Amino acid sequence: MKEVAGKPAALTDKPFHYCPGCTHGIIHRLTAEVIDELGIREETIGIAPVGCSVLAYEYFDCDMHEASHGRAPAVATGVKRVHPDKVVFTYQGDGDLASIGTAEIVHAANRGENITTIFVNNAIYGMTGGQMAPTTLIDQKTKTSPAGRSRELTGSPLKISEMLSVLDGVTYLERVSVHDTKHIIKAKKAIKKAFEIQLAGKGFAMVEVLSTCPTNWGMTPIEAMKWLEENMIPIYKPGVLKDIEDGE
Amino acid sequence: MGEKVLMKGNEAIAEAAVKAGCRYFFGYPITPQNEIPAYLSWRLPEVGGVFLQAESEVAASNMVYGAAGAGARVLTSSSSPGISLKAEGISYIAGAELPAVIVNMMRGGPGLGGIQPAQSDYFQATKGMAHGDFHLLVLAPSSVQEAVDLTIDAFALADKYRNPVMLLADGMIGQMMEPVEFTREIDPETLPDKPWATNGAKGREKNIINSLALDPAELEKHNLKLKAKYDQMKEEEVRFASKGLDDAETVIVAYGTAARIAASAIELARQVGYKVGLIRPITLFPFPEEIINQTADKVANFLTIEMSTGQMIEDVRLAVNGKKPVHFYGRTGGMIPSPEEIFEQIKIIGGAKE
């Protein structure tokens, strides 16, 4: 009998600890499906971040290395330089990548490290209980911006993908979302392409995935999907920000 | 091999790392250790290795964390302020039980301090490197040849204990030239496999490199496992050199550059009848407690000499355990004591002769 649905081999049987409605589960699954489809599970080393996905090493069924906060691209650099023939990916949230880890992501990207980065942006610190992130929207209420984020006090949402897209070392960078089926299908294509670029030895590839945090946004999962679509998409516009193969 | 060559300390350490089979270096420029990365920037590619200048010490130590997890013999080097930044990665390396070698060519501090030789990172290296219940194995050379030998040993010790090892020297050792001989050369291809390394889970269960343990009972168990390693180091790895203990009335305890100068001071003192001996710790962790404690039964005084305001003296006092007075003389901030200054201290402690 042909199996039409099931868990990807690149995911373990361990139940996710993520909150109900959190989109990390979708993004884990997409990444694992891509690893399966490319047949690279036994060649892949994943780097887990600090943040909600700190336990990603328990979920991906490939070799995993848990990094310190923000340093996943540096750890990935160390692994990849030792094993240039293996596939190395980092899975990082917005506090990890766009705040404490800005130096590491900028320089890994600029060196054109032949790695793949999955950047999950939900505009808030989830694991520590809903603090403001550099990606938090103006007027968005968080534990550390209770009256809403003020531009005067804390600046504007950091568009790190736009920043990275100007670097020569970046081969491919796309922003996607997972708030509906159409976008999920697109997200998977982008993640697959980001791994294929590494397999072809073409350099640094990153996919920013817009994600929800119903718990810390104080919404139901459905409200959160809607909030993402109405509030995050206008600021963080999905699309290809850089694709060297398209001559950009 | 076997030929003596004149080399600067930093370059000799770099070559020793290559001889030890190290093929990966991640670092960031800082004085007075810059000759190590400069040397390895051409030497490692020559032997098929990788030299990478990181964007910061923080990144460098995390690259080391990645490369060590991936199974490589890997080195980083820095000097005092840079080591503070590397502390993050070093704590993770220790927590995840990975082998790596870190060189600290100490300079005066605190803060930006200066760039002249100092020994003021003893506490940091032996006790307070970073957060958490862990120790580095710390080796302290007092000559360029010893720096070479200890660098090669450092990689083997790191592998033996799956623990970071620090070569703790000062700008003097790094900058001076002495004849050295490389008597060992290790081909990295001949090193034993590291079955725990992240190199792709081909035909095996996945490997995880990690220092996270949310369950306190699990973390306690892990920390006790680490402690058992440190206890084993205390049993098996203590190293020191000694001189003149047979008839000594006063024993100087000093390491690295301070020990060299103390040895000159002892010669001056012995010429005029002061019976002075030397205990030179080569491992600072594990500390040579036993020899110091045993010596305390036979001598009248100890004098600790350091290029700091007094750090190792705390371990000397613990080892002496109140049996005899422990005196101290130190210079700090990049100032180096002269043999005559130390001789003066010997005279004060030993009383008038003739």
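In what follows, every chain begins at residue 1, and chains take the letters A, B, ... in the order their sequences are listed. This is a predicted model, so every value here is computed, not measured. Atom set for the values below is all heavy atoms of this structure, side chains included, hydrogens, waters and symmetry mates excluded.
- Once rounded to the nearest 0.5 Å, the distance linking CG of Leu214(B) with NE2 of His17(A) reads 9.0 Å.
- Of all the listed residues (Ala201(B), Ala197(B), Ser91(B), Gly89(B)), the one sharing the greatest number of non-hydrogen pairs under 4.5 Å with chain A is Ala201(B).
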Could you go through Leu55(A) and Leu212(B), starting from their C-alpha distance and side-chain angles, then the distance that decides it, and tell me whether this counts as side chain to side chain contact (heavy atoms under 4.5 Å, CB included)? CA-CA 9 Å; Leu55(A) 296 172; Leu212(B) 179 69; 3.7 Å; yes
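- At least one donor-acceptor pair closer than 3.5 Å links the side chain of Lys206(B) to the backbone N or O of Phe60(A).
- Per-residue heavy-atom pair counts under 4.5 Å with chain B were compared for His69(A), Lys80(A), Glu43(A), and the maximum is reached by Glu43(A).
- Annotation: side chain of Glu104(A) is in contact with side chain of Val58(B) (closest heavy-atom distance under 4.5 Å).
- Applying the salt bridge (charged side-chain N to carboxylate O under 4.0 Å, His left out) test to Arg111(A) and every residue at least two apart in sequence or in another chain returns Glu113(A), Glu55(B).
- Residue Ile47(A): no heavy atom, backbone or side chain, is found under 4.5 Å from chain B.
- Of all non-hydrogen atoms in Ala72(B) and Val82(A), the two that sit nearest each other are CB-CG2, 3.7 Å.
- Residues Asn62(B) and Ser68(A) approach most closely at OD1-OG, 2.8 Å, considering heavy atoms.
- Atom CD of Glu205(B) has 12 or fewer neighbouring heavy atoms from other residues, nucleotides or ligands inside a 6.0 Å radius.
- Contact check for Arg81(A) versus Met63(B): no side-chain heavy atoms found under the 4.5 Å cut-off.
- Here the OG atom belonging to Ser56(B) is positioned 8.0 Å from the NE2 atom belonging to His107(A), to the nearest 0.5 angstrom.
- At a threshold of 4.5 Å between non-hydrogen side-chain atoms, the residues Glu66(A) and Ile208(B) do not count as touching.
- Listed here is the closest heavy atom pair of Ala59(B) and Ala74(A): O-CB, 3.6 Å.
- Few gaps surround CG on Asp215(B); more than 12 heavy atoms of other groups in view lie less than 6.0 Å from it.
- Ranked by heavy-atom pairs under 4.5 Å with chain B, the list Ala103(A), Gly78(A), Cys62(A), Gly101(A) is led by Gly78(A).
- For Ala205(A), the side chain to side chain contact (heavy atoms under 4.5 Å, CB included) partners are Tyr172(A), Ala194(A), Ile197(A), not counting sequence neighbours.
- Heavy-atom neighbours of Tyr28(B) OH from other residues, nucleotides or ligands within 6.0 Å: at or below the threshold of 12.
- Residues His65(A) and Gly69(B) approach most closely at CE1-CA, 3.9 Å, considering heavy atoms.
- Closest approach of Asp63(A) and Thr198(B) over heavy atoms only: OD2-CA, 3.2 Å.
- Enclosure of atom CD1 in Ile115(B) is not indicated, since only 12 or fewer non-hydrogen atoms of other residues, nucleotides or ligands lie within 6.0 angstrom.
- With a 4.5 Å cut-off on side-chain heavy atoms, Ile209(B) and Tyr57(A) do not count as touching.
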Before you tell me yes or no, could you show the steps for Glu42(A) and Arg204(B) under salt bridge (Lys or Arg N to Asp or Glu O under 4.0 Å), namely the whole-Å CA-CA distance, both residues' side-chain angles and the distance that decides it to 0.1 Å? CA-CA 9 Å; Glu42(A) 294 186 333; Arg204(B) 59 160 168 78; over 6 Å; no
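- Within 6.0 Å of atom NZ in Lys7(A), more than 12 heavy atoms from other residues, nucleotides or ligands are found, so the atom counts as buried in its surroundings.
- For Lys194(B), the NZ atom sits in a packed shell: over 12 heavy atoms of surrounding residues, nucleotides or ligands are nearer than 6.0 Å.
- With a 6.0 Å radius and a threshold of 12 heavy atoms from other residues, nucleotides or ligands, Asp193(B) has its CG atom at or below the threshold.
- Within 6.0 Å of atom CD in Glu218(B), more than 12 heavy atoms from other residues, nucleotides or ligands are found, so the atom counts as buried in its surroundings.
- Across all non-hydrogen atoms, the minimal contact from Tyr65(B) to Val75(A) is CD2-CG2, 3.7 Å.
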